[in-house]
There are 2 protein chains.
Amino acid sequence: MAEQAQFEELARQLSAVGAVKRDIGRILPPDCPAGSAAVLTLLGRHEEMRMSKLAELLAVDLSVTSRHVAHVAARGWIERSPDPADKRSRILRLTPAGNDQLVELSLRTSRLLEERLSDWTDDEVAQLIQLMTRLRASFGDCRSSVPRPAAPVSAETRTPAIT
Amino acid sequence: MAEQAQFEELARQLSAVGAVKRDIGRILPPDCPAGSAAVLTLLGRHEEMRMSKLAELLAVDLSVTSRHVAHVAARGWIERSPDPADKRSRILRLTPAGNDQLVELSLRTSRLLEERLSDWTDDEVAQLIQLMTRLRASFGDCRSSVPRPAAPVSAETRTPAIT
DNA sequence: TATTGTTATACTCTATAACTATA
DNA sequence: TATAGTTATAGAGTATAACAATA
């Protein structure tokens with residue numbers, strides 16, 4: 001178990017990596033901002049997905065996902081077919097054009113990282129990835145609503161753990 | 001040197017840590033959002049600083065810094081005294097109230113991290129901090145304007161390292 | 001002329017709430 | 001009734017550009 005000063009430093013560094021993210025964002029094509037790029041990347045990995053699943057992987061609200069998906073769909077990068085098993089659902093899939101776009105994105109970001117991290121070893125990069133992945137796992141599905149009662153939660157505790 | 005797939009994965013994880021940042025943001029006091037918290041944190045560490053220095057540490061544009069600083073100054077958490085050595089400059093310093101606020105912030109974020117990272121060892125946290133710090137260093141002062149020549153950089157290479 | 005900082009404006013990302021249509 | 005997804009709205013964060021004051 002770590003101590004408070006360490007947690008404070010971690011919080012600081014988490015805040016600071018934003019600069020790196022923005023730097024990557026600057027090299028993206030003008031009509032494909034970070035949100036769209038994230039959608040394409042995940043669809044490139046999972047072949048086929050529902051909105052709700054994508055929202056979970058993006059770790060953002062479904063409404064946010066809907067917007068990003070509408071953006072990439074409008075550009076013909078993905079297709080949204082109805083789910084035969086559940087007519088409320090939509091199945092998302094990358095189009096050939098979307099795949100081309102994804103290749104372009106991957107090239108740009110890889111090139112930037114390759115340049116900036118030229119003095120990193122393969123192992124170091126792998127270690128950072130591993131730790132960041134675990135960090136996210138430790139936070140679970142942390143979208144929206146914080147339970148955090150803080151104040152006494154009246155008698156009838158709000159329906160616990162539907163999760 | 002790492003390979004492309006690794007860089008793509010790193011980019012993905014960088015994008016994903018945003019969820020962790022937002023989760024931390026949710027436990028902050030309503031009138032002290034992440035931007036303000038970052039200002040207070042850095043001033044808590046450096047005692048005294050100029051706007052430009054703060055902007056550099058925050059890794060955001062000076063205009064953004066100005067806004068955040070105005071926010072915390074309006075709440076009496078910092079004071080802005082004129083710099084006797086340069087009348088254009090302002091010296092920033094935490095007030096006692098600002099220090100109180102900072103203590104509160106540190107408590108909240110530490111508590112959250114402590115809970116979420118309860119199964120991490122001290123060393124693991126330290127390693128993540130170290131790698132993230134290095135990541136940021138590798139990106140240098142990456143605010144605004146991307147140099148990214150891409151095209152051949154004419155004969156007279158742009159004045160190197162004024163930094 | 002160049003630099004420090006401020007302000008106005010615009011854009012991206014996000015969440016909440018209200019709504020539609022299915023289950 | 002509950003769930004999947006959409007849309008409208010609002011708030012936070014950021015960058016660019018124009019500007020003021022000083023170096």
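Letters A, B, ... mirror the listed sequences (proteins, then strands); counts begin at 1.
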Contact under 4.0 Å: B:H68 side-chain N or O vs D:dA12 OP1/OP2: no

For DNA chain C, the residues among residues 70-92 of chain A that have a non-hydrogen atom under 4.0 Å from it: A:D86, A:K87, A:R88

Contact nearer the 5' end of DNA chain C, comparing A:P33 with B:S66: B:S66

Whole angstrom value for the distance that separates C1' of C:dG5 from CD of B:E56: 16 Å

Sugar-phosphate, base or nothing in reach of A:R67, heavy atoms under 4.0 Å: base

Residue A:L62, side-chain heavy atoms: nucleotide from D:dG5, C:dT14, C:dT6 that is nearest: D:dG5

Donor-acceptor side-chain pairing of B:S89 and B:R50 below 3.5 angstrom: yes

Integer-rounded Å distance: D:dT6 P and A:L54 CG: 11 Å

Side-chain touch B:W77/B:L94, heavy atoms, less than 4.5 angstrom: no

side-chain N/O B:S52 vs C:dG5 OP1/OP2, d < 4.0 Å: yes

B:R22 CZ - C:dT16 P separation (whole Å): 11 Å

Rounded distance (Å) that lies between atom C1' of C:dC11 and atom CG of A:L28: 15 Å

Closest listed nucleotide, where the reference is the side chain of A:S63 and the choices are D:dA8, C:dT6, D:dT16: D:dA8

Of the listed nucleotides C:dT14, C:dT4, C:dA15, the one nearest the side chain of B:R26: C:dA15

Side-chain N or O of A:T65 closer than 4.0 Å to phosphate OP1/OP2 of D:dG5: no

Polar contact flag, side-chain donor to acceptor under 3.5 angstrom, B:T41-A:R12: no

A:D61 side-chain proximity, nearest of C:dT16, D:dG5, C:dC13: C:dT16

Donor-acceptor pair, side chain of A:T133 and main chain of A:I129, under 3.5 angstrom: yes

Atom-pair distance (CE on B:M49; C1' on C:dG5), nearest Å: 16 Å

Contact list for residues 30-46 of chain B, test salt bridge (charged side-chain N to carboxylate O under 4.0 Å, His left out), sequence neighbours left out: A:E9-B:R45, B:D31-B:R75

Flag side-chain contact, heavy atom, 4.5 Å: A:D119 against B:R134: yes

Length of the line joining A:D23:CG and D:dA15:P, which is rounded to integer Å: 10 Å

Interatomic distance, A:R50 CZ vs D:dT3 P [rounded to whole Å]: 13 Å

Residues A:T121 and A:D123: side-chain donor-acceptor under 3.5 angstrom: no

